[in-house]
Amino acid sequence: MRRRLPLVVLALLLVGCAEQGDVTVLRVANSLDVESPVHHALVRFDERLQALSGGTMRMEIYPSGQLGTERATLELLQLGTLDMAKVSSGVMESFVPEMGVFSLPYLFRDREHLWQTLGGEIGEEILASAEPYRMLGVAYYDAGFRSFYINGREVRTPDDLAGLKVRVIPSPLFIRTINLLGGNATPLAFSEVYGALQQGIVDGAENSPMSLYGMGHYQQVTHYVLDEHSAPPDLLLISTHRWNKMSEQERAWFRQAAAESVALQRALWLEEEGAALDSVRAAGVEVLEVDKAPFRAAVAPIYAELAGTPVGALADRIRSLPEAAPADTTAAP
């Protein structure tokens with residue numbers, strides 16, 4: 001097993017290394033592997049940044065969690081010893097409370113509603129909400145809609161989840177969601193899910209088709225239930241320590257390269273998500289289409305509990321956005 005360097009050691013190694021002669025080097029942490037759409041998007045970001053800046057800016061990408069957990073990389077951003085990081089909005093929830101809105105169940109009607117939100121005024125506000133915490137949101141990357149995968153039981157209504165131990169990320173809103181739906185929420189690290197399914201420690205989990213297939217979890221389950229209960233996006237962040245040192249021209253190059261990377265990531269995600277679903281079906285996993293109405297009704301208490309809070313206010317604004325024409329899935333937000 002690869003050992004992670006302690007946070008303090010990483011900080012000492014990274015500090016003072018962002019400038020190499022006349023070239024600004026942006027060091028970027030990514031928890032996903034080199035085959036992921038996120039990594040390919042970051043490579044495109046680097047290529048475009050170098051081209052736009054005439055070689056005066058470039059990126060140094062650390063994939064596969066080389067710099068530690070997403071939480072650890074956020075702490076490095078706050079220290080100013082790491083320039084950029086890709087993290088899940090679920091992890092950001094404990095740093096920036098407004099990010100918790102993305103953990104709410106059935107917040108988005110569909111993918112068009114998701115990108116209408118992220119690409120509009122509300123999405124920009126949420127990105128900016130990280131700035132007081134010494135980070136700045138740069139862009140959103142698609143992380144898909146999360147659905148349940150279960151071993152040994154067909155789930156078509158919330159009643160079918162009764163008593164099942166379901167792995168969730170350690171988010172209070174995710175835990176509350178699973179419990180309201182009748183399951184027994186079991187927080188576990190993502191790296192432990194395969195073994196937990198294999199050993200029967202949990203009866204199922206919830207995640208995107210990409211994670212179900214890419215992490216091999218489909219080998220340990222019988223059903224994938226397309227209830228699409230949440231869609232927490234991935235976030236690309238930059239430390240305000242680095243951002244504040246950049247000129248207006250550098251920021252313009254940076255934002256243009258970021259937008260182009262988003263367009264690529266979204267296109268790749270959709271392509272690979274469809275392939276992942278085809279692969280799990282071919283492997284014998286039954287993919288179930290379900291009526292989402294009973295699931296939505298079961299989690300309604302969450303929204304009542306959040307009434308009058310900042311997260312509740314954001315949720316109300318998002319849910320009240322009018323229907324929009326289907327978005328171009330290759331367009332940057």
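Source: prediction; values computed, not measured. Sequential numbering from 1 along the given sequence is applied to the chain's residues.
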Heavy atoms, side chains only, cut-off 4.5 Å: are [X] and [Y] in contact?
| X | Y | result |
| --- | --- | --- |
| Leu237 | Leu136 | no |
| Val225 | Glu154 | no |
| Met99 | Leu235 | yes |
| Leu180 | Pro301 | yes |
| Gln265 | Val262 | no |
| Leu49 | Leu26 | yes |
| Lys86 | Val28 | no |
| Leu127 | Val138 | no |

Closest heavy-atom pair and its distance - [X], [Y]:
| X | Y | answer |
| --- | --- | --- |
| Arg251 | Trp243 | NH2-O, 3.0 Å |
| Ala276 | Pro209 | CB-O, 3.6 Å |
| Ser211 | His217 | O-ND1, 4.1 Å |
| Leu82 | Leu77 | O-CD2, 3.3 Å |
| Val168 | Ala185 | CG2-CB, 4.1 Å |
| Tyr303 | Pro105 | OH-O, 2.6 Å |

Applying the 4.5 Å side-chain criterion to the ILVMFWY set and letting contacts propagate, would [X] and [Y] be lumped into a single cluster?
| X | Y | value |
| --- | --- | --- |
| Phe190 | Tyr141 | no |
| Trp115 | Leu314 | yes |
| Leu42 | Leu52 | yes |
| Ile175 | Val193 | no |
| Leu212 | Leu188 | yes |

*Checking side chain to side chain contact (heavy atoms under 4.5 Å, CB included) for the pair Thr240/Met135: CA distance, chi angles, key distance, verdict?*
CA-CA 5 Å; Thr240 54; Met135 298 175 280; 5.6 Å; no
Are any side-chain N or O atoms of [X] and backbone N or O atoms of [Y], one a donor and one an acceptor, separated by less than 3.5 Å?
| X | Y | result |
| --- | --- | --- |
| Thr186 | Asn184 | yes |
| Gln66 | Ala29 | no |
| Tyr140 | Leu236 | no |
| Asp203 | Asn151 | no |
| His229 | Ile178 | no |
| Ser89 | Phe102 | no |
| Ser36 | Leu32 | no |
| Thr56 | Val23 | no |
| His241 | Arg134 | no |
| Arg153 | Asp160 | yes |

*Is the Phe95-Tyr133 ring centre distance short of 6.0 angstrom?*
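Centroid separation for Phe95 and Tyr133: 6.0 Å or greater.
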*Checking side chain to side chain donor-acceptor pair (under 3.5 Å) for the pair Glu206/Tyr149: CA distance, chi angles, key distance, verdict?*
CA-CA 6 Å; Glu206 51 82 49; Tyr149 39 92; over 6 Å; no
*Excluding sequence neighbours, so at least two apart, what forms side chain to side chain contact (heavy atoms under 4.5 Å, CB included) with Ser88?*
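Result, side chain to side chain contact (heavy atoms under 4.5 Å, CB included) vs Ser88: Glu70, Val91, Asp234.
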*Test side chain to side chain contact (heavy atoms under 4.5 Å, CB included) applied to Pro172 - qualifying residues, sequence neighbours left out*: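 Scan of Pro172 (side chain to side chain contact (heavy atoms under 4.5 Å, CB included), adjacent residues dropped) gives Glu93.
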*Please determine which of Arg44, Gln50, Arg48 meets the side chain to side chain donor-acceptor pair (under 3.5 Å) test together with Asp46.*
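In the set Arg44, Gln50, Arg48, the residue that makes a side chain to side chain donor-acceptor pair (under 3.5 Å) with Asp46 is Gln50.
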Can you tell me how far the [atom1] atom of [X] sits from the [atom2] atom of [Y], to the nearest 0.5 Å?
| X | Y | atom1 | atom2 | value |
| --- | --- | --- | --- | --- |
| Thr69 | Arg71 | OG1 | CZ | 8.0 Å |
| Ile302 | Thr177 | CD1 | OG1 | 3.5 Å |
| Leu288 | Leu226 | CG | CG | 7.5 Å |
| Glu289 | Ser147 | CD | OG | 9.0 Å |
| Ser239 | Leu74 | OG | CG | 11.0 Å |
| Ile169 | Arg146 | CD1 | CZ | 5.5 Å |

Salt bridge check, [Y] against [X]: does any charged N sit closer than 4.0 Å to a carboxylate O?
| X | Y | answer |
| --- | --- | --- |
| Lys245 | Glu250 | no |
| Arg167 | Glu192 | no |
| Lys292 | Glu228 | yes |
| Glu125 | Arg317 | yes |
| Asp83 | Arg242 | yes |
| Arg111 | Glu273 | yes |

*With clusters built from Ile, Leu, Val, Met, Phe, Trp and Tyr whose side-chain heavy atoms come within less than 4.5 Å, directly or transitively, what are the remaining members of the cluster of Trp269, listed by chain and number?*
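Met210, listed by chain and number.
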*Evaluation steps, side chain to side chain contact (heavy atoms under 4.5 Å, CB included), between Met57 and Val25*: CA-CA 6 Å; Met57 299 179 73; Val25 181; over 6 Å; no
*Does one side chain, of Tyr194 or Gln220, offer a donor that lies under 3.5 Å from an acceptor on the other?*
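Yes.
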*Applying ring-ring contact (aromatic ring centres under 6.0 Å, His included), run through Phe254 and Phe45 and close with a yes or a no.*
CA-CA 8 Å; Phe254 181 88; Phe45 196 146; 5.2 Å; yes
*More than 12 foreign heavy atoms under 6.0 Å from CZ of Phe145: is that the case here?*
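Yes, because the 6.0 Å sphere around CZ of Phe145 holds more than 12 heavy atoms from other groups.
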_Does Glu271 have more than 12 heavy atoms from other residues, nucleotides or ligands lying within 6.0 Å of its CD?_
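Not buried by this count: 12 neighbours or fewer within 6.0 Å.
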*Please lay out, stage by stage, how Ile150 and Thr222 fare under the test side chain to side chain contact (heavy atoms under 4.5 Å, CB included).*
CA-CA 6 Å; Ile150 304 296; Thr222 55; 5.7 Å; no
*Take Val299 and Leu181, measure what side chain to side chain contact (heavy atoms under 4.5 Å, CB included) needs, and give me the verdict at the end.*
CA-CA 7 Å; Val299 300; Leu181 288 171; 3.8 Å; yes
